[in-house]
Amino acid sequence: MGLFQDNFSMLSELERLAAMVQDPARVQEIGADEWPLAMIACGLVTCNDPSRLPENMAAYDIFCAKTPVVGRKSSLAQLVRFLTARKGDGWRALLPYALAEPESALSRTAAMQLATLAQPSPTQQLAGVEELARLMSTRSSVSSPVLEALLSLSDMRVLPLLAPIDNMPVESLKSLVKELNPAANHLSYSWVLHLLDAQPVLADEIAALLERMAAATNVVIDLVLPIPTWAFEKPAPQPLHGWSRAEYFPRMLPVLNNHFNQEQISRLRTAFGA
């Protein structure tokens with residue numbers, strides 16, 4: 001009850017809706033206009049028990065079937081306001097919005113909010129990033145919008161937290177790399193090169209990905225984000241460094257030379273203007 005003890009009428013409504021979501025005999029009774037709040041209620045009531053995430057993922061599938069994307073977007077925005085006001089308490093309620101949402105843009109937004117709102121754990125400042133990476137690595141396929149959201153943070157503290165993804169099945173990683181369109185920042189390039197070292201069999205797919213990234217922007221940035229954002233009065237990124245594509249290319253060469261043939265390196269050199 002800690003999340004809602006300041007508003008008993010809202011607590012009562014949230015508990016009622018959460019109970020309906022969790023009751024197979026009653027879940028279909030929830031009206032379309034009630035689902036945006038019902039999904040929030042289901043997540044918040046169970047958020048302190050990670051073992052109940054599968055229930056919330058299943059509920060989100062029904063939520064999607066009953067609610068158009070505009071309603072799901074509104075639900076996410078309401079949940080974000082709630083969590084921000086409570087300094088991230090209950091942040092795991094965002095997990096289904098990130099991992100089960102079929103609309104790429106909305107999934108990406110949810111993942112970004114989760115990563116930046118999650119309360120730090122005693123051992124991890126970026127607890128939301130760590131949890132998303134861990135959960136993605138246990139699924140049959142990695143959600144490219146979620147990974148794109150994490151890479152778009154541009155903060156190198158994210159890099160070691162993505163390590164569980166390295167050990168996913170190669171076919172899953174091939175599909176991921178083919179779909180991925182990450183922001184072309186220092187974090188993204190570093191993760192791609194790390195994956196190349198960990199899974200050299202992905203060389204062809206990663207070469208194509210690096211060409212796509214080179215075409216996306218001429219500036220490679222490195223920065224630190226204020227996370228969690230609710231802990232800062234005016235959260236703003238702190239730039240650390242920036243490179244042009246041509247300046248950045250030599251930084252990648254030691255890894256590229258280990259895994260790419262000369263034709264691939266030549267194509268990349270042209271793409272980076274180096």
Side-chain angles (χ1 to χ4, degrees), residues 3-4 9-84 90-118 128 131-150 152 165 168-169 171-172 175-176 178-181:
L3 289 170
F4 316 112
S9 61
M10 177 58 75
L11 170 59
S12 177
E13 177 64 5
L14 287 171
E15 288 184 331
R16 180 186 73 84
L17 289 170
M20 291 183 70
V21 173
Q22 295 158 11
D23 185 345
R26 300 182 65 200
V27 66
Q28 298 301 332
E29 298 174 14
I30 301 174
D33 59 333
E34 292 183 302
W35 260 109
L37 185 57
M39 191 62 232
I40 292 174
C42 179
L44 290 174
V45 167
T46 63
C47 64
N48 291 326
D49 184 355
S51 70
R52 299 186 68 179
L53 178 60
E55 295 177 37
N56 290 342
M57 299 286 279
Y60 200 91
D61 289 340
I62 303 174
F63 175 43
C64 288
K66 298 282 188 179
T67 311
V69 67
V70 65
R72 305 199 302 273
K73 184 178 180 180
S74 175
S75 179
L76 173 61
Q78 185 177 359
L79 178 55
V80 166
R81 289 193 297 270
F82 189 98
L83 296 175
T84 301
W91 60 269
R92 283 186 173 83
L94 284 166
L95 286 168
Y97 291 81
L99 296 173
E101 170 57 49
E103 185 72 20
S104 295
L106 191 54
S107 171
R108 194 177 292 111
T109 299
M112 176 71 80
Q113 294 289 357
L114 194 158
T116 55
L117 284 176
E131 182 70 354
L132 280 172
R134 184 188 70 80
L135 288 170
M136 284 193 293
S137 72
T138 65
R139 297 161 68 83
S140 58
S141 62
V142 176
S143 168
S144 55
V146 172
L147 182 56
E148 287 168 2
L150 300 184
S152 73
I165 295 172
M168 292 193 65
E171 289 306 314
S172 296
S175 297
L176 171 66
K178 288 177 181 178
E179 295 173 3
L180 201 61
N181 284 294

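This structure is a prediction, so every number in the text was calculated from the model and none was measured.
Going from atom CD1 of Ile30 over to atom CD of Gln28 covers 8.5 Å, rounded to the nearest 0.5 Å. The distance from atom CG of Leu17 to atom CG of Leu44, rounded to the nearest 0.5 Å, is 11.5 Å. Atom OG in Ser137 sits 7.5 Å away from atom CG in Leu135 (nearest 0.5 Å). Going from atom CG of Leu150 over to atom CD1 of Ile165 covers 7.5 Å, rounded to the nearest 0.5 Å. For the atom pair CD1 of Ile62 and OG1 of Thr67, the computed distance is 10.5 Å after rounding to the nearest 0.5 Å. Distance CG/Leu147 to CD/Glu179: 11.0 Å, rounded to 0.5 Å.
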Original post:
For Lys73 and Glu103, what are the C-alpha separation, side-chain angles and deciding distance, and is it a side chain to side chain contact (heavy atoms under 4.5 Å, CB included)?
Top reply: CA-CA 10 Å; Lys73 184 178 180 180; Glu103 185 72 20; over 6 Å; no

**OP:** Check step by step if salt bridge (Lys or Arg N to Asp or Glu O under 4.0 Å) holds for Lys66 and Glu34.
**Re:** CA-CA 10 Å; Lys66 298 282 188 179; Glu34 292 183 302; over 6 Å; no

**OP:** Assess whether side chain to side chain contact (heavy atoms under 4.5 Å, CB included) is satisfied between Leu53 and Thr46, documenting all intermediate values.
**Re:** CA-CA 8 Å; Leu53 178 60; Thr46 63; over 6 Å; no

**OP:** Could you please spell out the steps behind the side chain to side chain contact (heavy atoms under 4.5 Å, CB included) verdict for Thr109 and Leu76?
**Re:** CA-CA 9 Å; Thr109 299; Leu76 173 61; 4.1 Å; yes

Original post:
What do the steps show when you test Arg108 against Met112 for side chain to side chain contact (heavy atoms under 4.5 Å, CB included), and what is the final call?
Top reply: CA-CA 6 Å; Arg108 194 177 292 111; Met112 176 71 80; 6.0 Å; no

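Nearest heavy atoms, Met57 versus Pro96: SD-CA, 3.8 Å. Here the closest non-hydrogen pair linking Cys64 and Ala100 is SG-O, 4.4 Å. The two atoms that bring Tyr97 and Pro36 nearest to each other are OH-O, 4.3 Å, heavy atoms only. Nearest heavy-atom pair across Ser107 and Ala98 is OG-O, 2.6 Å. The two residues Glu148 and Asn181 have their closest heavy-atom pair at OE2-N, 2.9 Å. Shortest non-hydrogen contact noted between Asn56 and Gly43 is ND2-CA, 3.9 Å.
Side chains of Phe82 and Ile40 form no contact here, defined as non-hydrogen atoms less than 4.5 Å apart. Side-chain contact between Val21 and Met39: absent, with no pair of heavy atoms (C-beta onward) separated by less than 4.5 Å. At a threshold of 4.5 Å between non-hydrogen side-chain atoms, the residues Trp35 and Ser75 do not count as touching. Within the 4.5 Å cutoff, side-chain heavy atoms of Trp91 are placed close to those of Glu131.
A salt bridge links Arg72 with Glu101; the closest basic N to acidic carboxylate O contact falls under 4.0 Å.
The closest donor-acceptor contact from the side chain of Thr84 to the backbone of Val80 lies under 3.5 Å.
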